[in-house]
Structures are given as C-alpha cells and as structure tokens.
Participant: 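What follows is a structure written as structure tokens; I'll ask about it next.
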Amino acid sequence: MTSVASLAAYARPHVYEQVRSVVPVAAYLLLFQLAVLQRGLPAEWFGMACGLVAVVLGLVLFLEGVKHGVAPLATDLGQHLPRVLPQWAVMLVAFGLGVGVTFAEPALGALTNLGKMVEVQRAPYLVYLLVDYNGHLTWAIAVGVGLAAVVGAAKVLRGWRTSSTLLGALAPALALTAAACADDHLRGLLGLAWDAGAITTGPVTVPILLALGVGMSEHASERSVYRGESILPRSSPAPGMAMEAVDGFGTIALAGLLPVLTVMGLAVALRMTTDTAEIIHRHREDNPYRGPHPTRPWWVRDPWEELAYAGRAVLPLVCGLIALQKAVVRRPLPRVAVPWGPPWGPPRASPSAAVAAAAPPTMSVLWGLGLLLGGLCLFELGLKFGLVALGYQCGVAMPGAFSHDKDVAGSPLYPYWVGLVLLVLYTLGLGAGGTLAEPALLVFVETVWKAPRCRRNFASKRGLSLVTAAGVALGLAIGLAKLFGAPFAVILLPAYAATAALTWKAGGDGLDALVGVAWDTAGVTTGEVTTPLILALGLGMAHALHAAEGFGLLSLASLGPILSVLVAPHVNRRQRVVSKGLDEALLEGAVTLGVGVDAPS
C-alpha cells in the first residue's frame with residue numbers, strides 16, 4: 001500500500017499539469033462549435049471525452065518515458081560516442097539517427113491523403129509530389145533532418161556559434177525561396193517545403209535530438225578543460241571556461257530549415273523532368289491508375305491500427321539506440337533514480353549495506369522506454385479520436401461563419417466582417433491552446449530549465465511556455481493572409497529577414513544561449529497536437545476560399561515563437577529597469593519628505 005500511495009502522490013501533480021494544458025483547448029474548441037458555429041454537441045461526444053482522458057494519461061506516461069528513458073540514454077550516447085569514434089563516424093551516426101527519427105514521426109503518414117484532397121488542375125506538382133512521389137518526399141525530408149543532425153553535432157564538437165550556424169542555414173533557404181517565386185509551379189510548392197520541416201519536429205524527434213545535443217555539449221565541455229586532449233578548434237573556450245549543455249540547442253531549428261532545401265531540390269528535379277499535362281492526365285477521375293480518394297478524414301485510423309502504427313514507428317528507433325549503446329559505446333544501459341516507491345528491478349550494487357540503504361532506488365532506462373512507447377500509443381489514440389476530431393470539425397466548418405458553405409446549414413452565419421473577426425479569434429485560441437498541449441514543448445521547457453544561461457532569460461517555465469504560445473498564435477493569425485490571396489513569399493521573406501536581424505544582434509551581444517532556445521521553439525511547437533489542427537483549418541479555409549492549397553500556415557506558426565522568444569527577455573529587462581527606477585524615485589521622494597520606507601531589494 002505504501003508503494004501505491006507514493007506512486008499516486010507522485011502522479012497526481014503530473015496529471016493535474018496535463019489536465020491544465022489539454023482541457024482548456026478542448027473546452028475552447030467545444031465552445032466555438034456550440035456557441036459560434038451553432039453545430040450542436042458532436043454525435044461522438046462520449047468517444048471524444050474518452051479520447052481526451054487518453055491524451056492526458058498518454059502525455060503523463062510519455063513525459064515520464066522521456067525523462068527516465070530516452071533522455072538519459074541519448075545523453076549518455078552523446079557524451080561517449082565522441083570518445084570511442086572519430087569525428088567523421090560521429091557525424092555518420094548523427095545522420096543515421098536524424099533519418100531514423102524522421103521515419104518514426106507519425107505526422108508524415110498523413111501526407112499522401114493530404115495530397116488527394118488538393119485539386120490537381122490548380123496545383124499539379126503539389127499533388128504529384130504528395131501522392132506519386134510521396135516516398136521520395138519522405139526521403140528528402142529525412143535526408144534534410146539527417147543533415148541537420150550532422151551540422152548540429154559539428155556545431156557542438158567544433159565550437160561553432162549558434163547564431164552563425166543558423167544564419168548560414170537560413171540564407172540558402174531564403175535564396176531558394178526567392179528564386180522559386182519566378183516559376184508559377186514552384187511557387188505553389190513553397191508552402192509544402194517550409195511546412196515539411198515543421199511536420200518532422202514532433203514528440204519523437206525533439207527529445208532524441210535534444211538529448212543527443214546536450215550529451216555532446218557536456219562531452220565538449222569536459223574536453224575543453226583539458227586543452228591537451230581537446231577535440232575543439234582554437235576558437236573554443238579557454239581552459240577552465242567549459243561550455244554549458246546549452247550549446248546543444250539549435251539542432252531542432254536546423255531540422256526545420258534544411259528539409260526546405262532538400263524538398264525544394266526534389267521539386268526542381270520534378271519540374272525539369274515532368275510535364276504538367278502528364279500529371280493532370282494521370283490524376284483524372286476516370287484514370288484506373290489513380291489512387292482511391294479518401295472516404296474518411298485523413299487523420300482517422302481504427303484503434304488497433306493506431307496502436308500498431310505507433311509501435312512500428314518507435315520500436316526500431318529504440319532498438320537502434322540500445323544497439324548503439326551496447327555494440328558501439330560498449331556501456332551498460334544507464335540507470336535512473338526512481339522518484340516513487342521502492343526500486344523496480346535489482347538494487348544498485350553497493351560495497352556496504354549502510355551505503356546501499358542510503359542510496360536512492362534506481363531502475364533501468366528500459367522501464368522508461370516502455371513508458372515512452374505506451375504513452376505515445378495512448379496519446380496518439382486519444383489525440384485522433386478526441387482533440388483532433390473536435391478540432392477537425394471546427395476547422396472545416398469555420399469558413400461557414402463568413403462565407404457560403406454547402407456543408408454548413410444557414411451559412412454564412414454572420415456578416416462578413418464579423419465572421420472574419422471570429423475566424424481570427426478562433427485562430428489565436430487554436431494556436432495558443434494547441435501549443436500549450438504539445439508534448440514536445442513540455443520536454444523542451446524542462447530541458448531549457450536545466451541550463452542556467454537560458455533559464456535566466458525567463459521568469460518561469462510557465463512564462464516561457466506562454467511566450468512561445470503567444471508567438472505561435474500571432475504567426476498563425478498572420479498566416480491567414482495567405483489563404484486570402486497574399487503571396488506566401490511576401491509574408492515569409494520579410495518576417496525571416498527581421499528574425500535574422502534579431503538573431504545577428506543577439507549573437508553579437510553574447511546571447512547565443514537565447515538564440516538557440518528561440519530558434520528551437522520553431523520546431524517544438526508544431527507537433528502532434530497543433531499540426532493536425534492547423535492543417536484542418538488550412539484545408540477547410542482553402543476549400544471555402546477556392547485557394548489552390550492550404551500549406552504554409554505551419555511554417556508561419558513556427559516562425560512566430562522565434563520572434564516572441566527573442567524579444568521577450570528585452571521587454572522583461574526593460575520592465576525591470578523601469579520598475580527599479582520607479583522604486584528608487586519613490587525612495588528618494590520618501591527620504592526627502594522624511595517618511596521611513598524599506599529600501600527596494
């Protein structure tokens with residue numbers, strides 16, 4: 001009973017934390033459906049309620065699995081791989097892990113069905129890339145993430161500045177985007193190319209790449225103390241000034257940028273070798289070689305299929321990490337402290353009974369990896385049948401608020417401008433609420449809080465989460481302009497130019513730690529919760545407004561938090577300066593009047 005009570009005491013605050021993240025966004029979506037869209041209670045309300053419960057429990061198990069399984073294992077790998085392998089071999093392993101985590105991301109499985117929902121006459125190359133060349137597209141994205149892992153490892157091991165590395169990856173992506181604007185067909189692929197990086201940085205990719213980068217950074221920190229053995233170049237810190245684990249940040253951002261280059265490279269190759277008329281003929285409705293049109297929403301799979309898919313995606317990656325630890329690093333699997341009750345598994349060896357009694361209980365990371373797998377399966381299952389199902393219904397019906405939609409009775413429900421205001425409010429709430437429920441963001445915030453150089457820029461964990469969510473909401477609201485006819489590049493290029501300027505200034509001010517955190521928020525905010533909700537909104541809006549496609553919203557939503565996180569510490573610092581000045585002025589006035597007051601702390 002004591003063990004059960006201690007486990008319940010440990011789990012209670014974690015469950016409450018996830019309830020606080022998930023329930024508000026679900027209540028917001030339900031309120032919009034009932035009060036604004038006037039659609040009544042969903043027929044599947046009981047299944048959706050069970051799905052929300054599964055999301056909460058899945059998040060709790062998943063985060064515990066990351067904390068006690070993936071994070072210590074990947075960190076240990078990052079620390080010891082550079083000790084047993086030459087640098088080129090470390091880069092090769094990093095590339096393989098980058099490719100592996102991409103194929104394990106569940107969101108990539110939706111790309112084919114999304115392509116079947118686009119009209120081929122309006123965006124032929126987009127349909128061709130998503131349907132006929134879906135395997136090539138997945139490999140292009142995976143190669144981009146693999147290259148990002150290589151560049152991230154090189155940044156840590158060779159002491160490159162985070163701001164310079166990110167700007168070096170951003171420059172060719174922006175140049176290729178500007179060049180693609182000259183071709184009508186390539187211009188229609190820009191939204192998909194920039195969204196591709198956002199889709200890949202989900203609950204599988206983020207914990208592994210983050211922990212791997214932190215582990216390599218800790219290894220580089222240890223080596224920098226002993227210059228005689230250092231693998232770092234002359235630009236690395238001086239002896240005794242070891243780097244922090246924060247230097248591992250930035251790899252997630254690279255995983256969102258480099259797939260832009262690989263996907264656009266594939267698109268250019270298809271543009272040069274395939275004719276538009278051939279694509280349209282291939283996808284005619286009466287063509288027997290055309291794949292079947294989806295008869296159900298793209299996010300729906302039956303429960304057993306969902307569980308099998310999650311297991312099939314994660315198990316090979318977990319086995320690969322264990323194989324690296326055993327066969328390459330040749331170290332035992334790490335053991336982690338058990339935060340509840342007695343130990344699971346055999347007690348840790350100790351030279352004396354007294355020391356053994358005083359030592360905290362431990363368990364193998366295999367238990368954590370099991371929690372990760374079970375939590376991810378439960379989370380995916382609940383997400384598809386709960387939160388995403390509710391969000392999909394709102395997203396496809398939202399255009400009926402301001403325009404005629406045959407699927408929405410009585411549309412338009414409101415005058416045009418009133419409907420647009422409601423659309424913006426829905427978008428802001430969707431972006432902020434979905435972001436706060438993202439498991440990747442929760443993992444990221446916990447990792448940031450372990451690095452003092454990053455933590456000092458924010459008031460609290462909740463403060464960092466709220467600043468990030470506000471950035472996603474604003475970026476998503478600005479992205480609505482694309483669906484109303486604004487060219488995607490006209491929105492994207494100036495926004496990234498401003499981001500690059502802030503990044504350059506922060507790097508010059510010695511705030512590389514802040515730069516890495518800010519850019520990584522771009523990847524962690526577009527995961528398993530926000531991605532389907534935003535895609536549902538984009539596809540529904542594109543259908544109602546007769547736009548060619550609804551891609552691009554994800555990339556603009558992920559751009560917002562970079563700006564908000566870069567700006568927030570400066571605003572906080574200015575507020576502290578103003579507050580300190582007011583306190584000093586009040587103290588000086590009180591002294592002048594002869595009033596006794598306490599000095600400000």
Side-chain angles (χ1 to χ4, degrees), residues 78 82 90-91 94 98 144-145 147-174 197 201 205-206 209-221 223-224 231-238 241-258 260 444-445 447-458 464 468 471 496 498-525 558-559 561-570:
V90 173
M91 305 301 175
V145 177
L147 293 175
V150 170
V151 176
K155 178 182 79 72
V156 173
L157 296 177
R158 303 189 66 83
W160 298 344
R161 287 175 55 181
T162 302
S163 56
S164 302
T165 305
L166 291 172
L167 292 177
L170 177 65
L174 295 182
T201 48
T205 303
V206 169
L209 292 186
L210 263 181
L212 195 68
V214 168
M216 288 187 178
S217 183
E218 290 175 357
H219 165 77
S221 175
R223 301 288 279 182
S224 66
I231 61 173
L232 302 175
R234 293 185 179 182
S235 60
S236 59
M241 299 181 64
M243 297 187 298
E244 255 185 49
V246 70
D247 295 285
F249 290 109
T251 305
I252 305 300
L254 291 170
L257 287 175
L258 294 186
V260 178
F444 179 74
V445 170
T447 306
V448 169
W449 224 247
K450 296 175 183 177
R453 283 168 53 196
C454 296
R455 188 174 60 209
R456 68 188 182 192
N457 293 301
F458 307 98
L464 174 57
T468 304
Y496 263 112
T499 304
L502 287 173
T503 301
W504 181 265
K505 183 180 185 302
D509 293 342
L511 297 175
D512 248 24
L514 176 63
V515 169
V517 171
W519 277 82
D520 275 356
T521 57
V524 301
T525 53
S558 64
L559 173 60
I562 305 178
L563 291 169
S564 64
V565 174
L566 282 174
V567 170
H570 297 287

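Note that these values count all heavy atoms, side chains included, but never hydrogens, waters or copies made by symmetry.
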Participant: The criterion is side-chain contact (heavy atoms from CB on, under 4.5 Å); which residues satisfy it with W449, sequence neighbours excluded?
Facilitator: R455, F458, K461
Participant: Can you name the nearest heavy-atom pair linking K155 to T162, along with the distance?
Facilitator: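 In terms of heavy atoms, the two residues are closest at NZ-OG1, 3.3 Å.
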Participant: How far apart are the closest heavy atoms of V90 and P82, and which atoms are they?
Facilitator: CG2-CA, 3.8 Å
Participant: If I compare all heavy atoms of A253 with all of D520, which pair ends up nearest, and what's the gap?
Facilitator: N-OD1, 2.9 Å
Participant: Does some side-chain heavy atom of V515 sit less than 4.5 Å from a side-chain heavy atom of R161?
Facilitator: no
Participant: Looking at residues at least two apart in the chain, or sitting in another chain, which of them share a side-chain hydrogen bond (donor to acceptor under 3.5 Å, both in side chains) with T165?
Facilitator: none
Participant: Work out which heavy atom in M91 is nearest to a heavy atom in V150; give both atom names and the distance.
Facilitator: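 That closest heavy-atom pairing would be O-CG2, 3.4 Å.
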Participant: Which residues pass the side-chain contact (heavy atoms from CB on, under 4.5 Å) test with T251, sequence neighbours left out?
Facilitator: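 Here the qualifying residues are L209.
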Participant: Can you name the closest pair of heavy atoms from G98 and A149 and give their distance?
Facilitator: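 For G98 versus A149, the nearest heavy atoms are CA-CB, 4.3 Å.
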Participant: First locate atom CZ of F249, then atom CG of L166, and finally report the distance between them rounded to the nearest 0.5 Å.
Facilitator: 13.0 Å
Participant: Can you measure from CD1 (I562) to OG1 (T468) and round to the nearest 0.5 angstrom?
Facilitator: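 If we round to the nearest 0.5 Å, I562:CD1 and T468:OG1 are 10.5 Å apart.
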Participant: Between L514 and V565, is there a side-chain heavy-atom distance shorter than 4.5 Å?
Facilitator: yes
Participant: My understanding is that only residues two or more places apart in sequence, or in another chain, count here; which of them pass side-chain contact (heavy atoms from CB on, under 4.5 Å) with L174?
Facilitator: L170, W194, L493, Y496
Participant: Indicate the atoms forming the closest heavy-atom contact of T521 with F444, along with that distance.
Facilitator: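 T521 and F444 have their closest heavy atoms at CG2-CE2, 3.7 Å.
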Participant: To the nearest 0.5 Å, tell me how far L559 CG sits from S564 OG.
Facilitator: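 So the CG of L559 and the OG of S564 are separated by 9.5 Å.
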